[in-house]
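So you know, we letter chains A, B, ... as the sequences are listed, proteins then strands, and number each from 1.
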Amino acid sequence: MDAPHLLAGLNDEQRAAVSAPLAPTLVLAGAGSGKTRVLTHRVAWLVQVEHVSPHGILAVTFTNKAAGEMRGRIESMLGVPSAPLWIGTFHGIAHRLLRLHWRETNLPQAFQIIDSDDQLRAIRKIIKSLELDESRWVPKEVMWFINARKDEGLRAKDLKDEGDPNRRQFIKLYELYQEQCDRSGSVDFAELLLRAYELLRDRPDVLSHYRNRFRHVLVDEFQDTNTIQYDWLKLLVGPTGVPFAVGDDDQSIYRWRGAKVENLQQYRRDFPGVQLFRLEQNYRSTGNILEAANALISNNTGRLGKNLWTSGERGEPVRLYAAFNERDEADFVVNRVRDWTLKGGRRSDCAILYRSNAQSRTFEEALLAARIPYRVYGGLRFFERAEIKDALAYLRLIFNRVDDASFERIVNLPARGIGTKTLDTVRNYARANACSMWQAAGACISELGNRLGQSLHGFLVLIEQLDQQTRNLPLHEQVDHVINATGLVAYYKQDKGDRGEAKVENLEELVTAARGFEPDEAAQMPALANFLSHAVLESGEDQADEWEDGVQMMTLHSAKGLEFPIVFMCGMEDGLFPSQRSITDVGGLEEERRLCYVGTTRAMKQLFMSYAEQRRLHGTDTYGTPSRFIKEIPPEFIEEIRPRIQVSRPVYVPRSSGSGRMEEERPGGIRLGQRVRHQKFGEGVVFNVEGDGSNAHIQINFERHGMKTLVLGYANLEPV
DNA sequence: TCAGTATGGGTTTTT
DNA sequence: CCCATACTGA
């Protein structure tokens with residue numbers, strides 16, 4: 001009954017978790033402790049030892065990458081195709097459920113998924129149609145509001161305005177947006193989850209079917225679940241299911257988009273007698289790096305508690321570099337990369353991590369100048385490119401005429417003489433008759449002038465024709481025909497420079513993608529619909545040039561789950577990391593600290609941290625202080641490179657005189673990084689100074705009141 | 001209708 | 001400073 005090969009090579013805790021009895025389980029898995037291993041071995045264990053049918057197992061992850069990795073590993077372990085197993089992202093699984101049960105959820109069969117870009121457009125359109133001021137009703141904020149409510153499982157009708165007219169308006173916009181989506185058959189990301197939840201909640205027949213089927217539900221990165229995901233899981237598992245959750249509260253870095261670490265605790269409450277396992281042995285980092293990470297994260301409150309250890313060597317200390325400015329910082333990194341490659345290391349062993357994407361620029365320039373290949377992660381992905389979305393919009397409209405967003409996107413692209421005036425007419429008609437743009441367009445032709453009517457008619461005919469012509473073609477020929485017959489390819493060919501060329505190439509790449517596309521058999525839908533959904537759900541991270549050996553650059557967020565022999569954590573300055581906005585609230589600061597922890601634990605052999613005294617940010621020079629996180633790491637784990645002679649430089653550097661007179665101190669001794677006291681705001685740190693004399697504007701980061709800009713002459717500051 | 005200029009705003013990201 | 005969008009003039 002045992003399967004030694006499944007437990008071989010695992011440590012005691014891992015083995016215990018993998019072979020745990022069939023009861024609710026929680027595995028607290030620290031960074032680099034072999035969490036994916038446990039998850040995949042557990043699935044194999046269920047199948048081979050417990051003789052659970054793969055048909056009865058559901059494994060959920062957050063990213064397609066994680067899902068793919070898991071699928072691959074399980075397949076090779078079981079030695080059979082893993083098709084009967086449901087492995088996927090929350091969104092992917094939800095989508096599959098909705099495809100199978102579109103009737104029960106009141107969706108049209110042709111429903112389409114929209115990405116956040118489409119969602120924002122739709123919301124903006126609604127705000128405009130109500131003639132609201134976009135600066136007062138910021139589309140992004142509205143979107144955020146709607147998504148946050150959906151993540152909590154709330155519909156517009158569930159919300160009360162509480163006498164707040166502001167809130168009332170938001171709720172109204174939510175309602176209108178949802179009506180619009182329902183009319184056009186669009187489902188946004190949050191809606192996928194919410195509908196899937198409502199499906200189980202409201203349809204006992206469906207619920208019991210899936211409860212019977214999926215007795216075993218495994219969840220990765222449990223700390224990242226939001227309310228609706230958790231409720232959905234709980235519903236699905238019910239009283240009889242066997243959940244197996246893996247997570248790490250210290251790596252929860254998505255609170256800002258609705259993730260609830262508390263779900264880890266909630267899980268233990270909802271499933272009394274949860275078997276708890278802790279994986280604390282780290283197989284990734286050296287002792288020094290690990291100790292530094294442990295010390296850092298111990299500053300957070302309310303942790304579930306866990307201390308990583310390693311049996312490996314101490315390794316080298318964390319190296320700290322104080323750069324003069326961001327250029328110097330980049331040069332430092334480039335030189336360290338060079339050291340590594342000269343010793344025979346691969347460039348891809350090095351990762352440059354930063355807090356915000358904008359920081360990548362300086363590094364790119366420096367690497368470019370040094371002729372070191374690199375790769376930046378997390379830019380615009382394939383299916384998010386404008387030209388691709390244009391092509392997809394045609395396909396979507398062909399598939400589903402009531403898709404207004406797609407209609408508006410391509411009705412005049414390439415230009416065919418359908419301008420604002422024509423569209424206004426159509427829009428008004430559509431609104432007045434509560435019908436789709438497509439229908440409205442048909443009805444408006446006669447009342448438009450000869451020429452305008454003709455153009456519009458031409459468009460309608462084009463779409464109809466494309467539908468007729470491509471209906472029975474294989475998917476890739478369908479795509480190929482559409483991009484050519486609509487004139488899209490010709491249109492982008494005109495674009496000047498290699499920009500246009502690249503776009504045409506991308507369109508051709510789309511045809512290739514369509515050719516290689518394998519439909520999801522289980523979802524039971526036409527290949528085109530399947531392809532369109534796939535494009536939105538898996539916008540395509542894998543780039544073509546993956547094979548070139550290049551330095552890896554990415555944000556700290558996107559580094560989660562990865563590991564590199566050499567890691568550079570850059571821009572370690574208060575205000576940047578931790579970010580300015582997070583500093584004012586405690587929860588925010590703790591999340592930043594976890595982010596720092598995640599970054600630190602990515603490093604296997606060497607970890608470099610750097611900060612710049614002076615940094616050009618949004619066009620102006622700012623003077624930062626080292627990140628508070630650096631001070632939270634005990635000095636014995638850190639080695640400063642190029643010991644600093646002077647820690648804080650005087651604020652006042654005469655520019656105009658250009659003389660050799662250096663660094664005069666301001667009266668009152670105001671220096672950057674200096675602690676000062678203000679009568680009203682209390683204590684703070686001088687963050688930046690612009691101008692000079694008593695007219696100088698001085699920016700101070702107050703402990704209680706956050707960042708304030710004051711005029712030096714009036715501020716009455718007292719050095720502390 | 002389009003190109004060229006003014007304006008504003010600027011964590012983090014997956015799906 | 002760099003980008004994305006809105007507005008203006010031919």
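- Within 4.0 Å (heavy atoms only), A:I93 reaches no atom of the nucleic acid at all.
- Under the 4.0 Å criterion applied to side-chain N and carboxylate O atoms, A:D182 and A:R195 are assigned as salt-bridge partners.
- No hydrogens or angles were tested; on distance alone, nothing pairs the side chain of A:T555 with the base of B:dT13 as donor and acceptor under 3.5 Å.
- Ranking B:dT15, C:dC1, B:dT12 by closeness to the A:F189 side chain, first place goes to B:dT15.
- A salt bridge links A:D390 with A:R409: the distance from a Lys NZ or Arg NE/NH1/NH2 to an Asp or Glu carboxylate oxygen falls below 4.0 Å.
- Salt-bridge annotation for A:K560 and A:D224: present, with a side-chain N of the basic residue lying under 4.0 Å from a carboxylate O of the acidic one.
- A:D117 and A:K389 are joined by a salt bridge, as a carboxylate oxygen and a charged side-chain nitrogen come within less than 4.0 angstrom of each other.
- Heavy-atom nearest nucleotides on DNA chain B were determined for A:G92 and for A:N412, and the one closer to the 5' end corresponds to A:N412.
- Shown here, B:dT11 is classed syn by the O4'-C1'-N9-C4 or O4'-C1'-N1-C2 angle, which is within 90° of 0.
- Residues of residues 353-361 of chain A having a heavy atom closer than 4.0 Å to DNA chain B, listed by number: A:R355, A:S356, A:N357.
- Among the atoms of the strands shown, none is found under 4.0 Å from any heavy atom of A:F577.
- In this structure, of B:dT15, B:dT13, B:dT11, it is B:dT11 that holds the atom nearest to the side chain of A:E592.
- Between the side chains of A:D188 and A:Y177, at least one donor N or O sits under 3.5 Å from an acceptor N or O.
- Nucleotides B:dT12 and C:dT5 place their P atoms 16 Å apart, quoted to the nearest Å.
- Across the interface with DNA chain B, nearest-nucleotide mapping of A:D115 and A:H557 shows A:H557 to be the residue nearer the 5′ end.
- One interatomic measurement links the two molecules: CG of A:L556 to C1' of B:dT11, which rounds to 11 Å at whole-angstrom precision.
- A side-chain donor from one of A:Q223 and A:E221 sits under 3.5 Å from a side-chain acceptor of the other.
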